[in-house]
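See structure below.
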Amino acid sequence: MNRAAFFDRDGTINVNTGYLHEPEKLIFVPGVPELIRQCNEEGYLVIVVTNQSGIARGMFTEEQMRRLHETMNRRLREEYGAHIDAFYFCPHLPEITGACDCRKPKPGLFLQAIKDYDIDPKASLSFGDSKRDEEASRAAGIPHFQYVSAM
Ligand SMILES: [Mg+2]
Ligand SMILES: [Zn+2]
């Protein structure tokens, strides 16, 4: 089985500027790229789990989000020697698209990643900046949660 370090995205990896989707507006939270590199070096799969209701709201497309994630990963590699192994996202908003199992605080995205990558949740870590990150990771059986304080 594998170990993973799960990261929330907005407010945890990038400064939360609100529905971020423009690659040129990406600003890393200080210290977090280095934390991701440390997780890479210690053998954790680094997996991003993120609510992206901007897609349901029609503010940006899934393709725009993917391009942002490509830029994020390229900059992590080039500037910090770090990388993200996978991105899991919820594109929904209950008021618009109906209820789903993937929007945090629900644990659906974590459970999917745990299954896809044969991850032992008990040996894994989770980093976030909100209560819903903590609730979702605990509900997925990940005991170690750490708040990463934004700027
Ligand atoms: Mg956040
Ligand atoms: Zn969802």
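Atoms within each ligand, like the ligands themselves, are counted from 1 in listed order.
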**Message:** Under 6.0 Å from the ring centre and within 45 degrees of the ring axis: does the NZ or CZ of Arg3 meet both conditions for the six-membered ring of Tyr44?
**Reply:** yes
**Asked** At the Zn ion (ligand 2), what angle lies between atom SG of Cys102 and atom SG of Cys90, rounded to 10 degrees?
**Response** 110°
In [X], what N, O or S atom is nearest to the Mg ion (ligand 1), if we give its atom name?
X	value
Asp8	OD2
Asp129	OD1
Asp10	O

**Item:** Charged N-O contact under 4.0 Å between Arg67 and Glu63
**Value:** yes
**Asked** Leu45 versus Ile119: any side-chain heavy-atom pair under 4.5 Å?
**Response** yes
**Asked** In His92, the N, O or S atom nearest to the Zn ion (ligand 2) is which?
**Response** ND1
**Message:** Below 2.8 Å, can you find an N, O or S atom of Asp133 next to the Mg ion (ligand 1)?
**Reply:** no
**Request:** For Tyr19 and Arg57, test the side chains for any donor-to-acceptor distance below 3.5 angstrom and give the result as yes or no.
**Result:** yes
**Thr17 backbone acceptor or donor facing Lys25 side chain under 3.5 Å** = no
